[in-house]
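Side chains are part of it too, since the values below use all heavy atoms of this structure and drop only hydrogens, waters and symmetry mates. As the structure lists them, so they are numbered: ligands from 1, and atoms in each ligand from 1.
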Amino acid sequence: MRKNLIAGNWKMNMGPRETEAFFEGLGEQGLSEPKKTDCLICPPFVSLMSATARKVATPWVNVGSQNVHFENNGAYTGEISTEMLKEVGCTYVILGHSERREYFGETDEIINTKTKKVLADGLIPVTCVGEVLDERKADKHFDVVETQVRGSFAGLSDDEMKKTVIAYEPVWAIGTGETASPEQAQEMHEHIRNVLKSMFSDDLANAVQVLYGGSMNPGNAADLLAKPDVDGGLVGGASLKPDSFAELIRISEQS
Ligand code: PEP
């Protein structure tokens with residue numbers, strides 16, 4: 001039985017002080033440790049230590065980064081390594097978000113290299129895939145996502161793939177207020193599982209958590225999470241406030 005994962009992607013929002021205030025607020029939401037939901041917050045690099053230090057009231061919230069470099073150290077100005085992330089208490093890393101693909105030139109090949117590096121160093125990758133609007137309009141979305149899945153996870157062992165989280169994020173739904181319908185999400189998640197079946201095995205495809213991302217919020221989460229192949233959400237805007245993040249966790253626990 002797969003657990004859900006409710007993951008907050010804060011993007012370039014929330015400095016250290018706002019992060020401290022968020023975790024204080026989250027501690028006041030009356031949540032107890034979720035039974036069937038893993039929880040994750042991914043702040044900007046400079047706020048990671050505030051997050052790991054201030055999650056005292058909610059120690060079950062994992063902390064992750066939004067990116068990492070694939071080398072251990074060296075002359076890579078502006079980059080961060082897996083060891084540095086582990087030192088500040090990170091356990092997850094978001095990889096290949098559409099904003100990194102679009103603005104920072106990340107390709108499936110780079111994302112594949114990063115996914116392998118993150119797994120080799122004992123962190124959990126949340127690797128993102130998803131089509132842009134023109135690709136959906138041209139009815140190419142299944143092919144586009146299949147290519148991304150095959151490219152991003154090429155050469156992973158079964159053991160590595162089992163530890164990987166996939167986030168399906170239709171780019172047209174990210175930060176737009178427009179959500180994929182639960183049916184659109186379900187058919188793509190099922191498609192992703194079928195691609196995994198052909199790359200790995202049925203058992204493995206059924207074990208991997210596949211999250212939906214794209215304007216998920218407390219108003220639409222229940223219908224999305226009710227779908228059999230939707231195992232949680234990668235959430236931007238609605239993860240920035242303790243009350244809506246807490247509400248998403250409650251909805252997931254009831255799904
Ligand atoms: C995201 O940042 O991955 C995302 C899905 O953002 P939003 O929930 O704001 O659409």
Apart from Leu133 itself, what residues make up its hydrophobic cluster when side-chain heavy atoms of I, L, V, M, F, W and Y under 4.5 Å apart count as a link, directly or indirectly? Trp172
Any donor-acceptor pair under 3.5 Å linking the side chain of Ser181 with the backbone of Gln184? yes
Counting only N and O atoms by type, is there a donor-acceptor contact under 3.5 Å from the side chain of Lys140 to the main-chain atoms of Glu135? no
Taking only residues two or more places apart in sequence, or in another chain, which ones meet Phe153 in a ring pair (Phe, Tyr, Trp, His ring centres under 6.0 Å)? none
Hits for ring pair (Phe, Tyr, Trp, His ring centres under 6.0 Å) against Phe23, two or more places apart or cross-chain, chain-then-number order -> none
Within the 4.0 Å heavy-atom cut-off around ligand 1, the contacting residues, ordered by chain and number, are Asn9, Lys11, His97, Glu169, Ala173, Ile174, Gly175, Gly213, Gly214, Ser215, Leu234, Val235, Gly236, Gly237
Please determine whether the number of non-hydrogen atoms from other residues, nucleotides or ligands lying under 6.0 Å from atom CD of Glu79 exceeds 12. yes
